[in-house]
Chemist: 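This is the structure I have questions about; it appears just below.
Quick caveat: nothing in here was measured; it's all calculated off a predicted structure. Hydrogens, waters and symmetry mates play no part in the numbers below; they use all other heavy atoms, side chains included. Order of the sequence lines sets the chain letters (A, B, ...), proteins ahead of strands, with each chain counted from 1.
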Amino acid sequence: MLTVMRIRTIGYFVREALKSLNRNSWMVLASVGTVAVSLIIVGVSLITVMNATYLATRLESNVEIIAYMKTEVNEEEALALKKEINKIPGIAKLQFINKDQALQEFRRELGDQKNMVDALGGQNPLPHLFKISAIAPEDVEKVAGALEKMKQMEKVDYGKNVVDKLFAITKWVRLVGIVVIVLLGLAAVFLIATTIRLTVFARRKEIQIMKILGATDWFIRWPFLMEGIVLGFTGAIIAVVIVDLSYVTATDYVRENLNLGLFGLQTDPHFLMALGAAMLGVGTFIGALGSSISIRRFLKV
Amino acid sequence: MSKNIITVYLRGVIFLMINMINVSKVYPNGSKALTDITLRIEKGEFVFLVGPSGAGKSTLTKLIFREEQPTRGQLLFHGKNIARYKPREIPFLRRAIGVIFQDFKLLPNKTVSENVAFALEVIEASGREIKKSVPEALELVGLSNKADAMPAQLSGGEQQRVAIARAIVNNPPLVIADEPTGNLDPDTSWEIVHLLQEINKCGTTVLMATHAKEIVDGMRKRVIALEKGRVARDEERGAYGYED
Ligand SMILES: Nc1ncnc2c1ncn2[C@@H]1O[C@H](COP(=O)(O)OP(=O)(O)O)[C@@H](O)[C@H]1O
Ligand SMILES: [Mg+2]
């Protein structure tokens, strides 16, 4: 009884599935569209969460405080202040960076666009600055507060605010994303189930004849399952194409037009590939689930 | 003694196509379609099943290809109790039985030869088998020249021939026909019955439920008469025996 599925049998299933897809074109459009839209939202949310997480970890790994001095403060005054700063409790490392070093570092970070610095024509608009690491992350805020009180300081920057904000955003994106995805996913499953139900109904006479002719239950079920899978998979392909194209366009735009340096978008091809594969997998699963529901409920074999 | 039991058993397997023992069928709505039916049909027989409308003829045929299950009693097919078939074995029971209906049950969007090929497709026959068997079956029913026609383009008699070709294309040992001539004029009915007789001559057992008195009386085959769900008569070379 364990016969390998014949090629012509598989051909038969595919043919039958395509035929009935052709018949219910409005339902097909609705279900493929819903799968596509829900997967696009899945894709966009995942990309957002991934990028935010990636950014957050990059920022968090250097939770150091940077204290920019006022431009009128000269190097001696700054070095004198170093002793002062060292008295603040909770400091692990204190490094003075004079404005020339700072400019060099900035040039390095700019990479291709370092000619922007050359355009300054030998002028250095940067202030002297201190890089400070706290002993413990909890100390960062206290140390930063103490630094801010010093009148020589222009600005005290530390990553924590940004990280906190990022985490708040990712949490929000995740929550809204999950709710929307679940709702749209249910709608997609429901629409596919309805499409398959229409097919089962349109072909009830044929199903009855197949049973009398001795078709096995699975032989009867396969074309319906295939139909759902085709619906889900097609929706997923549309979503993958849209998400990937717009993401690539977005990353290109960000790289070329917004000079964010450290804050650029993640452009890992493996990430995009894994995301695409996941979306196709989810789409196929939605299709199979939708048709299984209708097969169970309406295909009495 | 034990030898005798074995003989009885082997006889059942070797000669008996159908063996019904005290079979009753009560539908879920309480209607008693069959009561205490006991009958045997041997391999190679041609049997008419007659009786007025509502006598239980269709129900009896449905029990054999397990569209319905008996409420009581045993129904043995080739010596095997069909109640014992597991759900996944039922398709294989049905492949041994060709069924023909009054309303033909052809697929309107398939050609004649596609309709016949469908019977082989659903049992996953090979392409070679389909190419060989379909023209043979159409030849047997005399429709080789209509292979590419659609069912709607055929007369009732021709449509029933297609249905017969579909029923026998995989050489089942048993053919069940439930009022196959119910929608046909007398001449066409005779053609259909003669075709079934030809099929029977090739060794296929035929069970035909019918209303057609003329045909039953003219054929002089075994007649099982049902009345109100019971066997009223069972005669070799019988006649219809009702005035209805
Ligand atoms: N699916 C069903 N549900 C309930 N009652 C049925 C069903 N099929 C047949 N019957 C009843 O069983 C009896 C026998 O019907 P049937 O076997 O169709 O007789 P026949 O084919 O001889 O006309 C009738 O009283 C009919 O109403
Ligand atoms: Mg009937």
Chemist: Could you measure the distance from the CG atom of A:Leu213 to the CZ atom of B:Arg94? Nearest 0.5 Å is fine.
Modeler: 10.0 Å
Chemist: Using heavy atoms and a sub-4.5 Å threshold, report which of residues 101-111 of chain B line up against chain A, by residue number.
Modeler: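 The stretch touches chain A at B:Phe101, B:Lys105, B:Leu106, B:Leu107, B:Pro108, B:Lys110.
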Chemist: With rounding to the nearest 0.5 Å, note down the distance linking NZ in B:Lys62 to CD1 in A:Ile212.
Modeler: 9.0 Å
Chemist: So, taking the atom named CD in B:Glu124 and the one named CD1 in A:Ile10, what distance separates them when rounded to the nearest 0.5 Å?
Modeler: 9.5 Å
Chemist: So does B:Tyr85 have more than 12 non-hydrogen atoms from other groups sitting under 6.0 Å from OH?
Modeler: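 Yes.
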Chemist: Would you find more than 12 non-hydrogen atoms of other residues, nucleotides or ligands less than 6.0 Å from B:Arg72 atom CZ?
Modeler: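 No, the 6.0 Å shell around CZ holds no more than 12 heavy atoms from other groups.
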Chemist: Please list, one pair per line, the donor and acceptor atoms closer than 3.5 Å that link side chains of residues 183-201 of chain A to other protein atoms, with sequence neighbours excluded.
Modeler:
| from | atom 1 | to | atom 2 | distance (Å) |
| --- | --- | --- | --- | --- |
| A:Thr194 | OG1 | A:Phe190 | O | 2.8 |
| A:Thr195 | OG1 | A:Ser31 | OG | 3.3 |
| A:Thr195 | OG1 | A:Leu191 | O | 2.8 |
| A:Thr199 | OG1 | A:Asn24 | ND2 | 3.3 |
| A:Thr199 | OG1 | A:Thr195 | O | 3.0 |
| A:Thr199 | OG1 | A:Glu227 | OE1 | 3.4 |
| A:Thr199 | OG1 | A:Glu227 | OE2 | 2.9 |

Chemist: Can you name the residues of residues 115-123 of chain B that have some heavy atom under 4.5 Å away from a heavy atom in chain A?
Modeler: B:Phe118, B:Ala119, B:Glu121, B:Val122, B:Ile123
Chemist: For chain A, which candidate among B:Glu67, B:Arg66, B:Arg166 shows the most heavy-atom pairs at distances under 4.5 Å?
Modeler: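 Winner by heavy-atom pair count: B:Arg166.
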Chemist: I'd like to know whether NZ of B:Lys132 has more than 12 heavy-atom contacts from other residues, nucleotides or ligands below 6.0 angstrom.
Modeler: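 No - once you tally the heavy atoms of other residues, nucleotides and ligands closer than 6.0 Å, there are 12 at most.
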Chemist: Identify all side-chain donor-acceptor contacts of residues 138-146 of chain B below 3.5 Å with residues at least two apart in sequence or on another chain.
Modeler:
| from | atom 1 | to | atom 2 | distance (Å) |
| --- | --- | --- | --- | --- |
| B:Lys146 | NZ | B:Glu158 | OE2 | 2.8 |

